[in-house]
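Worksheet: one structure, shown below.
Within every chain, numbering begins at 1; the chains are lettered A, B, ... in the order of the sequence lines, protein sequences first and strands thereafter.
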Protein chains: 2
Amino acid sequence: MSEIESVLKKHQIRPTAIRILVYKFLRKREVAVTLNDLEADFDRSERTTLYRTIKTFEKNGLVHQIDDGTGVSKYALDDKVAESGQPQDLHLHFHCDTCQETVCLTDHKIPHISLPPGFVSKDINLVIKGICDKCSNLE
Amino acid sequence: MSEIESVLKKHQIRPTAIRILVYKFLRKREVAVTLNDLEADFDRSERTTLYRTIKTFEKNGLVHQIDDGTGVSKYALDDKVAESGQPQDLHLHFHCDTCQETVCLTDHKIPHISLPPGFVSKDINLVIKGICDKCSNLE
DNA sequence: AAAAACATGCAATTGAAGTGCATTATTCCA
DNA sequence: TGGAATAATGCACTTCAATTGCATGTTTTT
Ligand SMILES: [Mn+2]
Ligand SMILES: [Mn+2]
Ligand SMILES: [Zn+2]
Ligand SMILES: [Zn+2]
């Protein structure tokens, strides 16, 4: 059994052909991925299947969904934890206005934010928009 | 000329009947508003007109659009600056999982966040989800 | 008053997300 | 091993917010 298959199994995901391919695709790309990105790369497969694949991955803690404000959902591997099974830490996301890519800055934890009395924080979404390292080097 | 009319004119917005009503509605509500909220309150008017009204307000700096992750856009008055004409400061938004309302926390500036080398920040969206003050008081 | 500019109403389109259901593949177990 | 049970896939269809095209109505300008 391949390493990928065992990662999927560790997350209670049956390693079908498409799932293995989607997982490989997510690994290969270092940026967050849309359903359209997947569809473009998998002529052979059906949009709905890819959709349900990624949702299965999400439900089982293998990827997390990213809302970067562009209106389309993106997904990225919880790579640091793909093996361990721990849930991915909260981190910030960066969306580049130039190349339109969104990346996880997993090493940048979200600072503590004080709220007015009575407000209880359960979850935080922090997205920074600007120019990414690749694009700023080209200026 | 009413005070409202002069606020609209200060933002180069012609004070039509609907625009005045929409502006009043935004003032009355202390939370961010969706297009559906507007439509529900304005039986007499057309969705498209309300949409274009709010977009005009936004373009002219009278309201700002809020993406709280629910999938539907919300809008709130740049009230602090409605008179001054200054652009609204960056601030965080709070979305209550209980009452589903979203509020601007205009007094809570977004802390400085350090980025890896090469990344340039132009804009920040920070949304905190949890329980708002009204809902936490009811527990 | 006529022309130009702008606002409004209604119909239609777009695009992402999600669901229903039939078909195919895999697993489970007698 | 041979099904029955369970899960995955494919295709059609729906939903919903956002947005646009165009005709009509209104206001402003000259
Ligand atoms: Mn991430
Ligand atoms: Mn706000
Ligand atoms: Zn970039
Ligand atoms: Zn609440």
Exercise answer: donor-acceptor pairs, residues 14-21 of chain A side-chain atoms, under 3.5 Å, sequence neighbours excluded:
| from | atom 1 | to | atom 2 | distance (Å) |
| --- | --- | --- | --- | --- |
| A:Thr16 | OG1 | A:Arg19 | N | 3.4 |
| A:Arg19 | NH1 | A:Arg14 | O | 3.0 |

- Note on the structure: Taken to the nearest 0.5 Å, the spacing of B:Thr102 OG1 from B:Ile66 CD1 works out to 7.0 Å
- Please give, in whole Å, the distance from D:dT20 P to B:Glu46 CD? 16 Å
- Item | CG on B:Leu92 to CG on A:Leu115, rounded to 0.5 Å | 6.5 Å
- Message: Working to the nearest 0.5 angstrom, can you tell me the gap between A:Phe94 CZ and B:Ser121 OG?
- Response: 6.5 Å
- Atom CD1 of B:Ile66 and atom P of D:dA18: how far apart are they, to the nearest Å? 13 Å
- From CG of A:Leu38 across to P of D:dG10 the rounded distance in Å is 13 Å
Identify each atom pair where a protein N or O and an N or O of nucleotides 15-18 of chain C are less than 3.5 Å apart, giving names and distance.
| from | atom 1 | to | atom 2 | distance (Å) |
| --- | --- | --- | --- | --- |
| C:dA16 | OP1 | A:Asn36 | ND2 | 3.4 |
| C:dA17 | OP1 | A:Ser73 | N | 2.8 |
| C:dA17 | OP1 | A:Ser73 | OG | 3.1 |
| C:dG18 | OP2 | A:Tyr51 | OH | 2.5 |
| C:dG18 | O5' | A:Tyr51 | OH | 2.9 |

- Check: B:Lys129 side chain, B:Asp68 main-chain N or O, donor-acceptor pair, under 3.5 Å: yes
- Message: So which atom in B:Gln100 and which in B:Lys74 form the shortest heavy-atom distance, rounded to 0.1 Å?
- Response: O-NZ, 3.4 Å
- Task: Could you check which residues of residues 13-22 of chain B get a heavy atom under 4.0 Å from DNA chain C? Sort them by number, please.
- Result: B:Arg14, B:Thr16, B:Ile18, B:Arg19
- Query: Step by step, would you call B:Phe57 with B:Tyr75 a ring pair (Phe, Tyr, Trp, His ring centres under 6.0 Å)?
  - Reply: CA-CA 10 Å; B:Phe57 284 9; B:Tyr75 301 89; 9.9 Å; no
- Message: Once you apply a heavy-atom cut-off of 4.0 Å, does B:Ser45 come out as touching a base, just sugar-phosphate, or nothing?
- Response: sugar-phosphate
- Task: Rounded to the nearest 0.5 Å, what's the gap from NE2 on B:His95 to NZ on A:Lys122? Could you check?
- Result: 13.5 Å
